[in-house]
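Below you'll find the structure, written out as structure tokens, and then a few comments.
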Amino acid sequence: MNITKTKNGNSSSAEKALNILLAFTPDNNEMGTTELSEKLGLHKSTTSRLIKLLVSTNFLQQNPLNKKYLLGGSALRIGHATTRSLDSKLLAVAHPCLAELSQLLGESVAMEMLSGTNVVLALHVEGPSHIRFNFEQGEQVPINVAAGAKVILSQSDPKLVEIFIEQEFQKFNENTIVSKAEYRKLLKEIKKTGIAYDKGERYLNTHAMATPIYNLEGQTKAAVVIAGPAYRLTDSFLESAIKPLRETADKISKLLFH
């Protein structure tokens with residue numbers, strides 16, 4: 001992606017510098033001066049001058065071993081600020097949507113969200129029966145049983161998934177998955193359907209179902225979850241709830257990212 005040129009057809013130095021930064025997205029792969037010049041169609045001397053400026057302001061940093069460049073601390077801080085802003089907006093946008101879904105289904109609804117190397121309960125709306133979640137808002141959820149965590153990780157980068165899977169899986173009962181191989185297989189199955197379940201895997205009498213919230217790049221860092229007692233959240237009820245659950249997740253995605 002390139003910044004639009006000025007009206008006279010010539011890019012300003014600021015625009016060229018921004019295009020250099022954008023050249024490192026989305027993967028922040030290391031590149032040298034010549035590679036950047038060829039990629040952006042800039043003269044090598046111009047590229048070198050702008051790189052020096054970007055390094056001096058810590059928007060780029062140089063690998064001392066191969067002399068190539070990658071995004072520096074200043075660029076990362078801007079990225080973190082954007083992420084925090086989106087997280088705050090996500091919570092504000094999601095809450096009324098969750099409340100609407102809870103009223104429609106008559107059950108408790110929640111949103112689980114990726115936060116660093118944890119998945120946390122970001123929001124919850126209690127249904128008429130007041131079935132409470134067994135952890136407070138903001139607390140980490142166990143990824144081997146939580147439906148939201150499963151569906152988020154099923155759509156995540158495999159390298160990130162492996163970081164998560166390094167943690168020890170707690171066994172809550174005979175339904176709990178503790179095998180890492182079995183968990184990896186389950187994530188592959190969930191990725192195909194976009195729906196994850198917790199059918200008595202933590203509490204024998206509780207069921208849950210989740211579907212992901214996607215961003216513009218098709219990535220997910222959050223999920224909408226419905227949870228309640230197993231005698232009400234039967235297989236037939238959960239099947240009927242898939243459509244409104246997905247519609248709610250789609251609505252949140254559109255309100256947040258479009």
Side-chain angles (χ1 to χ4, degrees), residues 90 93-114 119-135 141-156 161 169 171-179 182-215 218-256:
L90 175 57
V93 165
H95 192 273
C97 297
L98 297 184
E100 183 180 351
L101 181 63
S102 178
Q103 287 297 313
L104 175 66
L105 298 177
E107 298 293 345
S108 294
V109 175
M111 183 176 72
E112 293 176 18
M113 186 167 67
L114 189 65
V119 177
V120 301
L121 177 68
L123 282 174
H124 73 270
V125 176
E126 291 186 2
S129 59
H130 302 291
I131 297 298
R132 295 183 180 275
F133 292 86
N134 270 311
F135 33 84
V141 302
I143 67 167
N144 59 321
V145 296
K150 291 175 191 172
V151 84
I152 290 170
L153 292 179
S154 74
Q155 313 293 322
S156 298
V161 174
F169 285 175
K171 185 176 180 63
F172 296 97
N173 57 54
E174 64 270 20
N175 296 329
T176 305
I177 294 177
V178 292
S179 164
E182 188 178 349
Y183 189 73
R184 290 186 182 93
K185 182 180 178 181
L186 177 63
L187 292 184
K188 290 180 180 179
E189 295 172 357
I190 295 171
K191 185 174 183 178
K192 296 176 183 177
T193 64
I195 295 289
Y197 298 93
D198 167 10
K199 293 187 176 181
E201 295 166 37
R202 186 174 190 186
Y203 302 104
L204 290 172
N205 298 322
T206 301
H207 285 178
M209 180 174 68
T211 197
I213 297 169
Y214 293 100
N215 65 15
Q219 301 168 332
T220 182
K221 67 168 296 178
V224 178
V225 185
I226 175 176
Y231 73 88
R232 284 207 308 266
L233 269 64
T234 61
D235 288 346
S236 59
F237 176 88
L238 291 173
E239 182 67 26
S240 68
I242 289 177
K243 186 174 183 290
L245 191 72
R246 281 183 164 149
E247 288 175 346
T248 299
D250 289 344
K251 182 177 181 180
I252 294 171
S253 297
K254 290 175 182 177
L255 288 172
L256 183 65

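- Looking at residues two or more places apart in sequence or on another chain, you find no salt bridge (charged side-chain N to carboxylate O under 4.0 Å, His left out) involving Glu239.
- Applying the side-chain contact (heavy atoms from CB on, under 4.5 Å) criterion to Ser179, with sequence neighbours excluded, gives Ala181, Glu182.
- For Phe237, the ring pair (Phe, Tyr, Trp, His ring centres under 6.0 Å) test picks out no residue, with sequence neighbours left out.
- Shown here are the side-chain contact (heavy atoms from CB on, under 4.5 Å) partners of Ala249, two or more places apart in sequence or in another chain: Thr211, Ile213, Val224.
- Residues that satisfy the side chain to side chain donor-acceptor pair (under 3.5 Å) test with Gln103, not counting sequence neighbours, are absent from this structure.
- With sequence neighbours left out, Arg184 forms a side chain to side chain donor-acceptor pair (under 3.5 Å) with Glu162.
- Sorted by first and then second residue, the pairs that involve residues 188-201 and meet salt bridge (Lys or Arg N to Asp or Glu O under 4.0 Å), not counting sequence neighbours, are Lys150-Glu201, Lys199-Asp235.
- Note that CD1 of Ile242 and CG of Leu245 are 8.0 Å apart. Values are rounded to the nearest 0.5 Å.
- Leu123 CG to Leu98 CG: the interatomic distance, rounded to the nearest 0.5 Å, is 6.0 Å.
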Problem set entry | Lys251/Glu247 under salt bridge (Lys or Arg N to Asp or Glu O under 4.0 Å): CA gap, chis, key distance, verdict | CA-CA 6 Å; Lys251 182 177 181 180; Glu247 288 175 346; over 6 Å; no
For this session: Tell me, with the steps shown, if Ile226 and Leu233 meet side-chain contact (heavy atoms from CB on, under 4.5 Å).
Result: CA-CA 9 Å; Ile226 175 176; Leu233 269 64; 4.3 Å; yes
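- Atom NE2 of His95 and atom NE2 of His124 lie 8.5 Å apart (nearest 0.5 Å).
- A search for ring pair (Phe, Tyr, Trp, His ring centres under 6.0 Å) contacts involving Tyr197 returns nothing, not counting sequence neighbours.
- Residue Lys243 holds its NZ atom at 10.5 Å from OG1 of Thr248, rounded to the nearest 0.5 Å.
- Atom NZ of Lys185 is surrounded by 12 or fewer heavy atoms from other residues, nucleotides or ligands within 6.0 Å.
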